[in-house]
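The structure under discussion appears below in the form of structure tokens.
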Amino acid sequence: MKRLTILCAALTTVFTAVANASSDKYDKKVAQDIAKYRTFFANKFPNVKNFGEYKDGVYAIDAKAREQWIEIEDFPPYELSIDEGKELFEKPFANGKTYASCFKNGGINIRHNYPHFDTKTNQVMTLELAINNCRTSNGEKPLGYKKGKIAALSAYMASTSREQKFNVKVPNEAAYKAYLDGKKFFYSKRGQLNLACSDCHMAITGSKLRADIPGPAIGHATGFPVYRSKWGELGTLHRRYGGCNKNVRAKPFKAQSAEYRNLEYFQTLMSQDMDINGPSVRK
Amino acid sequence: MKVKVKAKEKDGVVKAKVLIKHAMETGRRKDKKGVIIPAHHVTEVKAEYKGATIFSAEFGAGVSKDPFVKFQFKGKAGDQVSVSATDNKGQTGKSEATIK
Amino acid sequence: MKISRRDLFVKLGKGAAYVAVLASLPKIAWAKWNAKAFASTDLKAAIEAKYGNMSISDSDKVILDAPEIAENGSVVPITVSSSLPNVSSMSIFVEKNPTPLVTSFAMGKNSINEVSIRIRMGTTSNVVLLVEADGKLHRAQQEVKVTIGGCGG
Amino acid sequence: MKLIKVSIIALVLSLSNVAFAGGDVNKVIAKAESTLKQASKSGFEWTTTAKLIDGAKKAAKGGDSKLAMKLAKKALKEGENSLIQAKYSEMHWQDYAPK
């Protein structure tokens, strides 16, 4: 038995080495994680036939809540924010340039390229970080990361990329490290309540936690920014991360900290091949 | 006040959807210092079609933030429908849409 | 009708009478915001302020479409409709809200009697729809459970 | 005279007692603070701990050394627990990932 295991391991190693002259070695490793992750949810929610449905968050598994959600998505309150975001996006900076000058394809239909691992700076580049980098490189002050203008800009950019699929790469060792860091964050217990992200969004999801059903973790990154009924406004993914951490009484990290960016990287990789569905409405 | 209207006709019936950007303060909420935020909400919404009012609504503070209302009337594609809103501080907003 | 400043102050001094003053201002043909009805703090008073003493009967020709359990009390989607002829108004009340009258729709002759709206509910409560047609009120009601309240928190 | 002497001794004793208790509280508060700092560094600070320390400091200032001690000890315990949590997570996080 032990021999067999060793043989298998050896074969896998050989296979990996031969198949990829190392460049997509990390993609392969992550792909195995994705497969396990999907199997977990497939077993948990056998009624969800296609993992793509998880782009709708908790509404993929809660039929009653889904009806109300669809009704609100019919003319969602974030539409006004998309308009605001478009205006901001098109308004020139003091130097005459616009956001379009900082992004591929003028910033349109590119949401699914974020987050990505920037091999020049060896860090996870999120859309919101890229927006502020664009501002500062054009002599403008950076925006706050949780809500308001940055959420509106992000909402507009997401709205132009709907139904594009996430295709996140893990280009090098540093990227894989960032991925592992995010993964570790996700499965680590935190706060006075001693809960990991995975406790609520994998183990408990589908059943009630107090009065609420926590959403399945798969697809978490697809719908942001979101207009939460609880907030009464649009907010970014990192604002939500902060809220989640506070809910378990763990001191939150700063929006766009390395911790949250790595977590976003991990979560987006777990949402690989899923549609961009942001902005969207959540309770 | 920002008002957005979408209208679509099918079989002679126009479905018009209205979204208004408004805080809809109830007058019962307190700010961070514990001071009550005065009531500030939309009170009236009026829709006009071919020079006549075809629908109107009165809102109290019990209507959700960023109010949404969907109403229907007999009309046809290509025509205009205009919607105006007023709040209890006398601020107004107006928007027009071509029926699709 | 004319109200002198002095009158107004006297009435304001009497507290609640202030809404009555607003409500007694001359009515304009299309919906003039009914301050008294919207300020009433119980269902019966709100209905009276809105409709006076019109008779009310339950009717299966008025339909209140509301969720059994609200996702979030601050945004509860509601659709009201009626197959009755000559509908002139439809009003939605949430019995346990601090002020039960939420909204009132005035229907014209070319209106189709179906309106959707998103409302706030502070807690689990009966939602009451009153449809005014031919001088009578027709009622439908339903309980909506709220787990996350829409009035703060 | 004897009586006065005795009372002075008693007074001194009680004073030193207070002073000792105060120093003790301050020691516990300081320890709670340094533990919290470590927890914060590890990324596992709880939102509740700093508030307890603030409460302890306030109580100490207000002369309620009993309450101050209670809060400081609680804060210290929380700080220690967050460090245990950090260690546990470091060792066991993989157990929670799907196999």
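Just so we're on the same page: letters track the sequence lines, and every chain starts at 1.
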Ring-ring centroid check A:F253 A:F185, cutoff 6.0 Å: yes

Interchain contact, A:D199 with chain D, by part (heavy-atom threshold 4.5 Å): side chain

Main-chain N/O of A:S188 paired to D:S89 side chain as donor or acceptor, under 3.5 Å: no

Residue of the set A:D33, A:N262, A:T268 for which side chain to side chain donor-acceptor pair (under 3.5 Å) holds with A:Y179: A:D33

Heavy-atom proximity to chain A below 4.5 Å, by part of D:Q94: neither

Which of A:E259, A:M202, A:K183, A:K246 touches chain D most, by non-hydrogen pairs under 4.5 Å: A:K183

Chain D contacts, top residue of A:P252, A:A250, A:S198, A:A203 (heavy-atom pairs, under 4.5 Å): A:A250

Contacts of type side-chain contact (heavy atoms from CB on, under 4.5 Å), residue A:Y54, not counting sequence neighbours: A:F41, A:F45, A:V48, A:F51, A:A60, A:I61, A:P216, A:I218, A:M274

